**Student:** 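The structure that follows is given in the form of structure tokens.
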2 protein chains.
Amino acid sequence: MADVSLALIHYPVLDKNGQIVTSALTNMDIHDIARSARTYGVKRFYVATPVKPLRLLAEKIMDHWETGYGSTYNLTRKDALGLVRLEQDLDTTMIAVEREFGDRPVLVMTSARPGPNRTPFATLRCNLAESKTHHLIVLGTGWGLAPEIMQRADVVLEPVVGPTDYNHLSVRSAAAIILDRLRAAR
Amino acid sequence: MADVSLALIHYPVLDKNGQIVTSALTNMDIHDIARSARTYGVKRFYVATPVKPLRLLAEKIMDHWETGYGSTYNLTRKDALGLVRLEQDLDTTMIAVEREFGDRPVLVMTSARPGPNRTPFATLRCNLAESKTHHLIVLGTGWGLAPEIMQRADVVLEPVVGPTDYNHLSVRSAAAIILDRLRAAR
């Protein structure tokens, strides 16, 4: 079965008007997605932002949970945050995957929008079961990954949809559902 | 198909030492779970806390998104928060369901812990498809619903598990996965 990592991208992403922006790093994203990643056996959770002060702030908060007071207060939090690595962007993330796991990862882009050539969850689930190449699932913050990132996809996953036309899940909820669909025991 | 609502309970819940406590209301819980609820066609999302100042604060924040500046800034947020009702506890929530939908709801309790008589997701999914009675899915904050709430279950849903032994999803992530497993189109 293929190893899976996650990347959460803060630049380049879209805002609600379709402009390319750098989104703010959200502490709750790191905690929630790290816990989902740990639950579903994800190897690494890369949090990528080009804003160095935000990376330093995130590192400081994680230190609290990993080696500071929080590390004895809440062991499960420490366990999940151990998967997190702070990166600048998708390029440094790919280098980090290749350095640690030896593969150039298959890039799986996610989007809440429908479009051409989307891969169904069931197909990717089967491919992961049969593949031995590391897969990096890339999530966008804000209103989603910018086109210049989407274009680098090896695979574009179909959007998560429910029985309604509403497609505005939080990235925390979308990450949880995507991992459950791809990795839950059946 | 049965209508489904969600309840998020802040008392009585457990803390990490198994003591019964009132947990703090978390703004992100309301937003994330409302958006998941809206995605999966949930009728109402009841947020229950006995702490009146926290209910008033939550109402004030929701007013910002429903009628204040936020209502024009982000329409999708307004749409999701329209499902939210603030309640005191499980009893007032059940009265609210009965008043609005005409049924005493079937109480579906959730827990991250394994235990006897858990109903599999696939079974509840079938039952929802065949039933016409309103189902209220009850989620606990903190370290989960207190035994006195669990005992009132008509159904106790099996825990969400991944391929690891880690069972510490955030309630926001668990709610998203539970709705996806029960209500996603297949």
Side-chain angles (χ1 to χ4, degrees), chain A residues 1 4 15-17 26-43 73-83 112 120-122 128-129 143 158-186, chain B residues 1 4 15-17 26-43 73-83 112 120-122 128-129 143 158-186:
Chain A
M1 180 178 281
V4 168
D15 71 3
K16 74 190 184 86
N17 300 313
T26 304
N27 193 40
M28 193 79 84
D29 288 354
I30 302 179
H31 282 256
D32 273 21
I33 299 175
R35 291 160 74 183
S36 296
R38 179 66 185 78
T39 301
Y40 289 94
V42 165
K43 293 294 175 187
Y73 178 80
N74 188 334
L75 281 172
T76 64
R77 206 59 74 94
K78 176 183 177 174
D79 195 3
L81 290 176
L83 299 180
F121 280 93
L128 288 173
W143 291 68
E158 68 176 332
V160 172
V161 288
T164 70
D165 59 356
Y166 187 89
N167 68 339
H168 303 282
L169 290 168
S170 75
V171 71
R172 299 169 288 281
S173 301
I177 293 167
I178 288 168
L179 289 176
D180 189 65
R181 289 187 178 189
L182 295 176
R183 304 291 275 190
R186 288 220 183 123
Chain B
M1 181 178 280
V4 169
D15 72 3
K16 76 189 183 86
N17 300 313
T26 304
N27 193 41
M28 193 79 82
D29 287 353
I30 303 179
H31 282 257
D32 273 21
I33 300 176
R35 291 160 74 184
S36 295
R38 178 68 184 79
T39 301
Y40 289 94
V42 165
K43 293 296 174 184
Y73 178 79
N74 188 333
L75 282 171
T76 64
R77 207 57 75 93
K78 176 182 177 174
D79 195 0
L81 290 176
L83 299 180
F121 279 93
L128 288 172
W143 291 68
E158 67 177 334
V160 172
V161 288
T164 69
D165 59 357
Y166 186 89
N167 68 339
H168 303 281
L169 290 168
S170 75
V171 70
R172 299 169 288 281
S173 300
I177 293 167
I178 289 168
L179 289 175
D180 189 64
R181 289 188 179 189
L182 295 176
R183 305 290 277 187
R186 287 218 186 126

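Being a predicted model, the structure only gives us computed values, none of them experimental. These values consider heavy atoms only, across backbone and side chains, with no hydrogens, waters or symmetry-generated copies. Just so it is clear: chains get the letters A, B, ... in the order the sequence lines come, proteins before strands, and each one is counted from 1.
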**Student:** Between the side chain of B:T26 and the main-chain N/O of B:M28, is any donor-acceptor distance below 3.5 Å?
**Tutor:**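 No; zero donor-acceptor contacts below 3.5 Å.
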**Student:** Taking side chain as everything from C-beta outward and backbone as N, CA, C, O, which of these in B:D79 sits under 4.5 Å from a heavy atom of chain A? Side chain, backbone, both or neither.
**Tutor:** side chain
**Student:** Quick check on the interface: out of A:A174, A:A122, A:P163, who has the most heavy-atom pairs with chain B under 4.5 Å?
**Tutor:**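 Among the listed options, the one with the most contacts to chain B is A:P163.
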**Student:** Can you tell me which portion of B:D32 sits under 4.5 Å from chain A's heavy atoms? Options are side chain, backbone, both or neither.
**Tutor:**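 For B:D32, the contact with chain A is made by backbone and side chain together.
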**Student:** Just checking, A:R181 and A:F121: is the charged tip under 6.0 Å from the six-membered ring centre and within 45° of the axis?
**Tutor:** yes
**Student:** Counting only N and O atoms by type, is there a donor-acceptor contact under 3.5 Å from the side chain of B:T164 to the main-chain atoms of A:R38?
**Tutor:** yes
**Student:** Based on non-hydrogen pairs under 4.5 Å, which of B:I33, B:T39, B:N74, B:N167 is most in contact with chain A?
**Tutor:** B:T39
**Student:** Of all the heavy-atom pairs spanning B:T76 and A:W143, show the shortest one and how long it is.
**Tutor:**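 Heavy atoms only, the tightest pair is OG1-CH2, 4.1 Å.
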**Student:** Mind ranking B:H31, B:K16, B:R183 by heavy-atom pairs under 4.5 Å with chain A and telling me who comes out on top?
**Tutor:** B:K16
**Student:** So for A:D165, is it side chain, backbone, both, or neither that comes closer than 4.5 Å to the heavy atoms of chain B?
**Tutor:** side chain
**Student:** Just by modelled atom types, is the B:L169 backbone N or O under 3.5 Å from a matching donor or acceptor in the A:R35 side chain?
**Tutor:** yes
